Amino acid sequence: MASPRIAPYGAWSSPVTLDMAAGETIQLGRIELDGPDTYWVEIRPAEEGRGLVMKRGPGGSAVEVTPPGFSVGTTLHEYGARGYTVHDGVVFFSNFADQRVYRHRIGEDPVPITPEEGDLRFGSKVFDPVRNRIICVCENHLRGGEEVLNEIVAIDPEGRSDPAVLVTDNDFYSWPAVNAACDRLAWVSWDQPNMPWDGTELWVAGIAADGSLVDPVMVAGGVDETVLQPEWGPDGALYFISDRTDWANVYRWLDGEVTPVLQVEGEVSKANWWVGMSSYGFDSDESLVCCYVQRGVWRLVRLGLSDLRVTPLDNPYWVMGHGDLQAAPGRVVFTGGSPTRPISLLELDLEEGSLDVLRVETETEIPPECLSVPIAVEFPTENGLTAHAFYYAPKNDAFAAPEGERPPMLVTCHGGPHEATTPEFSLSIQYWTSRGFALLDVNYGGSAGFGRDYRERLIGEWGVVDVNDCVNAALFLIERGEVDGQRIAISGGSAGGYTALSAMAFRDVFSAGASYFGVSDLEALLNSIHKFDATSLVGLVGPYPLYRKRYSERSPINAADWVSCPVIFFQGLDDTIVPPEQSEAMFDALKSQGVPTTYITFPGEGHGFRQAQTIRRTLEAEFYFYSRLFGFTSADDLTPVRIENLDG
């Protein structure tokens, strides 16, 4: 093997191209099993972020179900929730452009079955075969008014009548579940100021002959217990996930009594942003299959319903992707990956133990000599506590840095803020590390997957705990001598963008940073925020206006004159969650005080970038931005960006 070339960190050439990282990938979504057939959603950046339903029969090949001109996706709760369901080969889906529900008999044109008038959004769809109807959550944005109603409704699959309201009066609903006899309905509800990871309620009602609900009873939950994913078991019991013991575990309700089923120091769920994700399912009358996470590592197990015996289902895919799992007799289909294997749609034969790869998010392979494998890091943080991150060292065996040089590092902050990062294979991460950057992906206090106590570290402390943890994570690596303490950047999107901006405004550790549609003004956010997030800041910051001073003090826009490091901003102009005004105000403030800064906008993009050309441009621009500031020349021919107060 040839000796490695000597080149500064950041200046290494890499086989991981921008096109690979941005366009040669898809995102796998919601899985549905209909008899022997498997359905799933995939989002394609190369098709401007279009979502479509795919189908694969036993032993067959994957085929596209959704015809051109349609994109599957709902904006229920703004973030989306189970945009389709399948019954006897008929697909019922929300179309992203108009949010109407369509009936799609394969081979025919999709037909709308919900009203054209009004702003109605539908999600968490399930089918009631006895009454031939779809039961789902409806979000009604009343025309001419500010009120938004959330309800559980029934939709006629032929579209002969308007949706019929079944449940109302709560602020939010999710996870309607019909039992096998179709005579009982379970659902989850919650009211403001709670968010769905703070406290929810699980309800059950009988279904009368006319389809209405009778005798509702609350089964579990409350203001300080999160309940999610109710599923009716083959034994007639109602199963669900609850975090009543700090960890989100599986329980069942039978004969009026709740008992634990799976008790582990792990989480059988992800953060409940996209309500409707599934973490367990029944593979027979005697067992269920579920996944749970411990310290960032996911495990797949089979659980006996009578003896509660847990049997590990070992497989090399120990990152559960976007968190969806569906089971049927003899098989389980789930999304999984690992640091060296891309997220894939997988089918496990429970009798033979064979694992079939149905679809992968990227076919691109990275040579092992250029593949950085993350290391789980636990580091000390404020108040004698410990926090978590994944560290990716620079990796490219074709290059070595000059003697004595330490690499620059990018610290990344996930959004949410009650989301979590996982050590899954990521072409965008490998883009950085194969060019000589270190990357530190932080699960700051508040992140999901480490128990309720860890998640609640952020109560009233957003902009403090998350910032401290990102700072302490960076200092931990600097003190170990792993990275160059003078070349540390921080980057994040949405809530992660707020954390990044706050870290640059209130702490003096980072040399540069990037904000992707990040929050800069907490008070302004209150005036523009949508219903789902309307009271999220009550828990994260405090009740307003009682804590108005705290809102002001923690807003980066009010500390812009403290920011001395350069910042690049990326913003979708169609973003309704964090409007462009948030990025514009921060950019203008930095520009006016002479801080090097760049602002790049994208028409047609909302909250979270979906189009390949956008993803490519942001990755290219952020790398170019740091190359100018950290003093290295990229080996790639990058399109420059204008840096205010640096370029003439």
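What you see is a predicted model; the values in this text were computed from it and never measured.
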Is it true that [X] and [Y] have a side-chain N and a carboxylate O under 4.0 angstrom from each other?
X	Y	value
E352	R331	no
R56	E42	no
D243	R452	yes

Point-to-point distance, once rounded to the nearest 0.5 Å, from [atom1] of [X] to [atom2] of [Y]:
X	Y	atom1	atom2	result
R30	T74	CZ	OG1	13.0 Å
I241	L228	CD1	CG	4.5 Å
D128	I134	CG	CD1	10.5 Å
S536	H418	OG	NE2	8.5 Å

Fill in: 4.5 Å side-chain heavy-atom contact, T200 and F172
no

- request: Answer yes or no: is there a side-chain heavy-atom contact under 4.5 Å between P417 and L540?
  value: yes

Scanning both residues in full, the closest heavy-atom pair of V148 with H141 reads CG2-ND1, 3.7 Å

Row check, [Y] ring normal vs [X] NZ/CZ: under 6.0 Å, within 45°:
X	Y	value
R341	Y317	yes
R244	Y251	yes
R103	F93	no

Quick one: sort the W203 and W187 rings into parallel, tilted or perpendicular, breaks at 30° and 60°. parallel

Would you call the rings of F532 and H77 parallel, tilted or perpendicular, taking 30° and 60° as the class edges?
parallel

Side-chain (T614) to main-chain (A612) donor-acceptor, under 3.5 angstrom:
no

Report yes or no: do E286 and S306 form a side-chain donor-acceptor pair below 3.5 Å? no

Q.
Please tell me whether E267 and S269 have a donor and an acceptor in their side chains that are separated by less than 3.5 angstrom.
A. no

For this session: Go through the steps for Q192 and K531 under the test side chain to side chain contact (heavy atoms under 4.5 Å, CB included), then give the verdict.
Result: CA-CA 9 Å; Q192 295 173 332; K531 181 183 176 182; 3.8 Å; yes

Q) When you look at E158 and R105, which way does the salt bridge (charged side-chain N to carboxylate O under 4.0 Å, His left out) test go after all the steps? A) CA-CA 12 Å; E158 300 299 323; R105 295 188 174 99; 3.1 Å; yes

Residues at least two apart in sequence or cross-chain that pass side-chain hydrogen bond (donor to acceptor under 3.5 Å, both in side chains) with T114, listed by chain then number, are none

Item to complete: Given side chain to side chain contact (heavy atoms under 4.5 Å, CB included), test L348 with L313 step by step and report yes or no.
Response: CA-CA 9 Å; L348 177 63; L313 297 173; 4.1 Å; yes

Residue set satisfying ring-ring contact (aromatic ring centres under 6.0 Å, His included) with F282, at least two apart, ordered chain then number -> Y239

Within 6.0 angstrom of E48 CD, more than 12 heavy atoms from elsewhere: no

| CG/D109: more than 12 non-hydrogen atoms of other groups inside 6.0 Å | no

Q | ring pair (Phe, Tyr, Trp, His ring centres under 6.0 Å) assessment of F96 paired with F70 | A | CA-CA 8 Å; F96 189 81; F70 293 89; over 10 Å; no

